[in-house]
Colleague: 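Quick one: this structure, given as structure tokens, is what I'll be asking you about.
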Amino acid sequence: MPPTGHVAPGFEPVARTFQRLVGRRQGGGALTVRLRGETVVDLCTGYADRRATRPWTYDTLSISFSTTKGVASAVLHRLADRGELDYDEPVASYWPEFAAGGKGRVTVRDLMTHRAGLSSVRAVADRAEDLLDHVGMEDKLAARTVHAPTQRSAYHAITYGWLVAGLARRITGKGLAALARIEVTEPLGIDGLHIGVPDEAREYVAEPVGAALRQVGTTADFTQNLWMRYHRSRTTIDALHVPGFARLFEGSDPPIWHTEMPAVNGVISARALADMYAPLANGGDGFLSPGTVATLGRVQIRTADAVLGIQMRWRLGYHQAFGSRARMAFGHYGYGGSGGWADPETGLSVGFVTNRIGSLTTPLGDLNLFRLNRVVRQCVESRSTTFAST
């Protein structure tokens, strides 16, 4: 199915790559690229359901898995920008219950760089249905006894969202679903970004397609085969695997829609992602102060992550923008391939969503976004060279 939308002159290679990677497969997706306030790429293709009866539109929302962490992190940065939160204060200063189990020294910075010692979701959930009690998850994590902060990062793949939510709840009295609206979509004037699925968004949510989602979480063996390609450890399995996880995504009204899992269940459009990251690529633009934005681009820790098994350069709630070849670029990608990122050096922001979950995906997506990022960057560099020579 050929993509609909438009590309600015010089970005035609992005459209061709998008069509090859997304338009010729089951499912669909969308890609939006903003450059210093100009929309240079805005494309969608394919279908939002397995039976190919719902064409993908600009309003289509996709469950974006860990891409949601970028939204949750933006909420904390808004609070920090107003002085309601200090990155170097202990989490327990705001959330007293969090001091239990020897965690009193864990700072907000430690939490946002995956060093809170709480990566294991298996430690707080025996089965998938336990994950639906989001306030209960916050309380269980706060009560855990662990050795923390850790020197080495261990990706809090599922628990990160509840940790951010618990911290923000103690400061504001509100949950992350409400705060995503109050602190992100309303100030930016954007649509198409939610944690969980409110009634008004139900008709826009794409149905996940592809073999991997139907299998993920069904057996520890599958989890190991899927995610242990590079790093086989108990730490990895405990962070990523809960028995029966796939059940939460099944049916016409799946349970995952009706909870707050701010590391997993964001339903987001490509335009909304690009819009959220645009001010982070352009000095804050009234959304955050320039000083806070400058902080976001700084690498906080460089380690071989104990869960992911690869070298990571964690920012505050974000990772490097893989595939972008941009030194300062940061964002968050998700299982299945969605992702968003900002590059303060060029003023570039990118949002990509898809409902296709292929068999070669990882906790931080598959190679499609990496390949799209590379072509986007090449077009930006080519445009800059052309402008400089005229």
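The figures that follow rest on heavy atoms only: side chains count, while hydrogens, waters and symmetry mates do not. Computed from a predicted model, the values in this text were never measured in an experiment.
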Colleague: So, do Leu21 and Phe18 sit near enough that their side-chain heavy atoms are less than 4.5 Å apart?
Modeller: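 SC-SC contact between Leu21 and Phe18 ruled out.
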Colleague: Would you please indicate yes or no on a ring centroid separation below 6.0 angstrom for Phe65 and Tyr333?
Modeller: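 No.
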Colleague: Report the C-alpha separation of Asn373 and Ser324 in whole Å, then their side-chain angles, then the decisive distance to 0.1 Å, and conclude whether the side chain to side chain donor-acceptor pair (under 3.5 Å) test is met.
Modeller: CA-CA 5 Å; Asn373 287 344; Ser324 69; 5.9 Å; no
Colleague: Between Glu381 and Arg325, is there a salt bridge with N-O shorter than 4.0 Å?
Modeller: yes
Colleague: Work out which heavy atom in Arg383 is nearest to a heavy atom in Ala8; give both atom names and the distance.
Modeller: NH2-CB, 3.8 Å
Colleague: At what distance, to the nearest 0.5 angstrom, does CH2 of Trp56 lie from OG1 of Thr354?
Modeller: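 OG1 of Thr354 is found 5.5 Å from CH2 of Trp56.
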Colleague: Tell me, do Val108 and Leu167 make a side-chain contact under 4.5 Å, heavy atoms counted?
Modeller: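 With C-beta onward as the side chain, the pair touches.
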Colleague: Is a side-chain donor or acceptor of Asp275 paired with a backbone partner of Ala272 at a separation under 3.5 angstrom?
Modeller: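 Not a single qualifying donor-acceptor pair exists.
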Colleague: Indicate the atoms forming the closest heavy-atom contact of Leu273 with Gly340, along with that distance.
Modeller: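 Shortest heavy-atom contact: CD1-N, 4.2 Å.
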Colleague: For Glu186, look at atom CD and say whether over 12 heavy atoms of other residues, nucleotides or ligands are found less than 6.0 Å away.
Modeller: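 Counting other residues, nucleotides and ligands, CD of Glu186 exceeds 12 neighbours.
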Colleague: Quick one: are Val22 and Phe352 in side-chain contact, heavy atoms under 4.5 Å?
Modeller: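 A side-chain contact exists here, since the closest heavy-atom pair is under 4.5 Å.
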Colleague: Where do Val264 and Ile63 come nearest, in terms of heavy atoms and distance?
Modeller: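 So the two residues come closest at O-CG2, 4.1 Å.
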Colleague: Do you know which two heavy atoms are closest between Arg144 and Val124, and how far apart they sit?
Modeller: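 Looks like CD-CG1, 3.8 Å.
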Colleague: Should Glu129 and Arg247 count as an ion pair when the cut-off is N to O under 4.0 Å?
Modeller: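 Looking at Glu129 and Arg247, the cut-off is met.
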Colleague: Between Arg54 and Glu203, is there a side-chain N and carboxylate O pair less than 4.0 Å apart?
Modeller: no
Colleague: Enumerate donor-acceptor pairs with a distance under 3.5 Å from any side-chain N or O in residues 286-293 to protein atoms, sequence neighbours excluded.
Modeller:
{"unit_1": "Ser289", "atom_1": "OG", "unit_2": "Asp81", "atom_2": "OD1", "d": "2.7"}
{"unit_1": "Ser289", "atom_1": "OG", "unit_2": "Thr292", "atom_2": "N", "d": "3.2"}
{"unit_1": "Ser289", "atom_1": "OG", "unit_2": "Thr292", "atom_2": "OG1", "d": "3.1"}
{"unit_1": "Thr292", "atom_1": "OG1", "unit_2": "Asp81", "atom_2": "OD1", "d": "2.4"}

Colleague: Could you tell me which residues satisfy ring-ring contact (aromatic ring centres under 6.0 Å, His included) with Phe98, sequence neighbours excluded, listed by chain and number?
Modeller: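 Phe98: ring-ring contact (aromatic ring centres under 6.0 Å, His included) contacts with Trp95.
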Colleague: Have Thr39 and Asp42 got a donor and an acceptor in their side chains that come within less than 3.5 Å?
Modeller: no
Colleague: Kindly write out the residues that satisfy side-chain contact (heavy atoms from CB on, under 4.5 Å) with Ser252, not counting sequence neighbours, or none if the list is empty.
Modeller: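 Expected list: none.
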Colleague: Under the ring-ring contact (aromatic ring centres under 6.0 Å, His included) rule, collect the residues that match up with His134, sequence neighbours excluded.
Modeller: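 Result, ring-ring contact (aromatic ring centres under 6.0 Å, His included) vs His134: none returned.
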Colleague: CZ of Arg315 to CD1 of Ile301: how many Å apart, nearest 0.5 Å?
Modeller: 13.0 Å
Colleague: Within the 4.5 Å heavy-atom criterion, are Tyr58 and Ser269 side-chain neighbours or not?
Modeller: no
Colleague: Is there a donor-acceptor contact under 3.5 Å from the side chain of Glu260 to the main chain of Leu176?
Modeller: yes
Colleague: Donor-acceptor check, side chain of Asn355 to backbone of Gly28, threshold 3.5 angstrom: yes or no?
Modeller: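 Flag set: sc Asn355 to bb Gly28 pair under 3.5 Å.
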Colleague: Who passes side-chain contact (heavy atoms from CB on, under 4.5 Å) against Asp139, sequence neighbours left out?
Modeller: Val135, Arg170
Colleague: Please list, chain by chain and in numerical order, all residues satisfying side-chain hydrogen bond (donor to acceptor under 3.5 Å, both in side chains) with His258, sequence neighbours excluded.
Modeller: Asp253
Colleague: Between the side chains of Asp305 and Arg152, is the shortest nitrogen-to-carboxylate-oxygen separation below 4.0 Å, so that they form an ion pair?
Modeller: no
Colleague: Please examine the side chains of Arg16 and Glu12, heavy atoms only from C-beta on, and report whether any two atoms are closer than 4.5 Å.
Modeller: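 Glu12 vs Arg16: side chains touch.
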Colleague: For Arg82, I'd like to know if atom CZ has over 12 heavy atoms of other residues, nucleotides or ligands within 6.0 Å.
Modeller: yes
Colleague: Hydrogens and angles aside, do Tyr335 and Thr67 bring a side-chain donor and acceptor to less than 3.5 Å of each other?
Modeller: no
Colleague: Do side-chain atoms of Asn282 reach the backbone of Pro279 as a donor and acceptor pair under 3.5 angstrom?
Modeller: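 No; judged by distance alone, with no hydrogens or angles, the pair does not exist.
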Colleague: Would you list the pairs meeting ring pair (Phe, Tyr, Trp, His ring centres under 6.0 Å) in which at least one residue belongs to residues 177-205, sequence neighbours left out?
Modeller: none
Colleague: Any side-chain to backbone donor/acceptor pair from Lys140 onto Met137? Under 3.5 Å, distance only.
Modeller: no
Colleague: For the residue pair Met276 and Val184, what are the closest heavy atoms and their distance?
Modeller: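 Residues Met276 and Val184, closest heavy atoms: CG-CG1, 3.8 Å.
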Colleague: Looking at Arg50 and Pro208, would you say the former's side chain and the latter's main chain have a donor-acceptor pair under 3.5 Å?
Modeller: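 Yes, because the side chain of Arg50 sits within donor-acceptor range (under 3.5 Å) of the backbone of Pro208.
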Colleague: Whether the side chain of Thr159 engages the backbone of Val121 through a donor-acceptor N/O pair (distance < 3.5 Å, no angle test) should be reported.
Modeller: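 Pair absent, no side-chain N/O of Thr159 close to backbone of Val121.
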Colleague: Looking at side-chain heavy atoms only, is the closest gap between Pro149 and Arg105 below 4.5 Å?
Modeller: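 Answer yes - side chains close enough.
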Colleague: Going by side-chain hydrogen bond (donor to acceptor under 3.5 Å, both in side chains), name the residues that satisfy it together with Thr172, two or more places apart in sequence or in a different chain.
Modeller: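 Not a single residue meets the side-chain hydrogen bond (donor to acceptor under 3.5 Å, both in side chains) criterion with Thr172.
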Colleague: Under 3.5 Å, is there a donor-acceptor pair between the side chain of Arg78 and the main chain of Glu183?
Modeller: yes
Colleague: Please report the shortest heavy-atom distance between His241 and Pro243, naming the atom on each side.
Modeller: NE2-N, 4.0 Å
Colleague: Supply the atom-to-atom distance Cys379 SG to Leu348 CG, rounded to the nearest 0.5 angstrom.
Modeller: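 One finds 10.5 Å between SG of Cys379 and CG of Leu348.
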Colleague: Once rounded to the nearest 0.5 Å, what's the spacing between atom CG of Leu369 and atom CZ of Arg374?
Modeller: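 It comes to 11.0 Å.
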Colleague: List the residues meeting side-chain contact (heavy atoms from CB on, under 4.5 Å) with Asn265, not counting sequence neighbours, and say none if there are none.
Modeller: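 Result, side-chain contact (heavy atoms from CB on, under 4.5 Å) vs Asn265: Ile195, Ile256, Thr259, Met261.
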Colleague: Given side chains that start at C-beta, do those of Asp130 and Arg127 come closer than 4.5 Å, heavy atoms only?
Modeller: yes
Colleague: Within the 3.5 Å criterion, strictly below it, is a donor on Arg34 or Ser349 matched to an acceptor on the partner's side chain?
Modeller: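 The criterion, which ignores hydrogens and geometry beyond distance, is not satisfied for Ser349 and Arg34.
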Colleague: I'd like to know if the side chain of Arg109 pairs up with that of Gln300 as donor and acceptor (distance under 3.5 Å, no hydrogens or angles considered).
Modeller: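 Yes, side-chain donor-acceptor contact under 3.5 Å.
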Colleague: Under the side chain to side chain donor-acceptor pair (under 3.5 Å) rule, what do Thr295 and Tyr87 come out as? Steps first, then yes or no, please.
Modeller: CA-CA 11 Å; Thr295 298; Tyr87 302 122; over 6 Å; no
Colleague: Please collect all salt bridge (Lys or Arg N to Asp or Glu O under 4.0 Å) contacts where either partner lies in residues 330-347, sequence neighbours excluded, each pair once.
Modeller: Arg327-Glu345, Asp343-Arg377
Colleague: Would you say the side chains of Lys69 and Tyr155 form a donor-acceptor pair under 3.5 Å?
Modeller: yes
Colleague: Out of curiosity, Thr113 OG1 to His156 NE2, how far, rounded to the nearest 0.5 Å?
Modeller: 9.0 Å
Colleague: Quick one: does Gln320's side chain have a donor or acceptor within less than 3.5 Å of a partner on Arg313's backbone?
Modeller: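 Side chain of Gln320 to backbone of Arg313, a donor-acceptor pair under 3.5 Å: yes, one is there.
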Colleague: I'd like to check Trp314 versus Met112 (side-chain heavy atoms, cut-off strictly below 4.5 Å). Are they in contact?
Modeller: no
Colleague: My understanding is that only residues two or more places apart in sequence, or in another chain, count here; which of them pass ring-ring contact (aromatic ring centres under 6.0 Å, His included) with Tyr318?
Modeller: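 For Tyr318, the residues satisfying ring-ring contact (aromatic ring centres under 6.0 Å, His included) (neighbours in sequence not counted) are His77, Phe330.
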Colleague: Does the Ser73 side chain pair with the main chain of Gly317, one donor and one acceptor, at a distance under 3.5 Å?
Modeller: yes
Colleague: Apply ring-ring contact (aromatic ring centres under 6.0 Å, His included) to His332 and list each qualifying residue two or more places apart in sequence or on a separate chain.
Modeller: His319
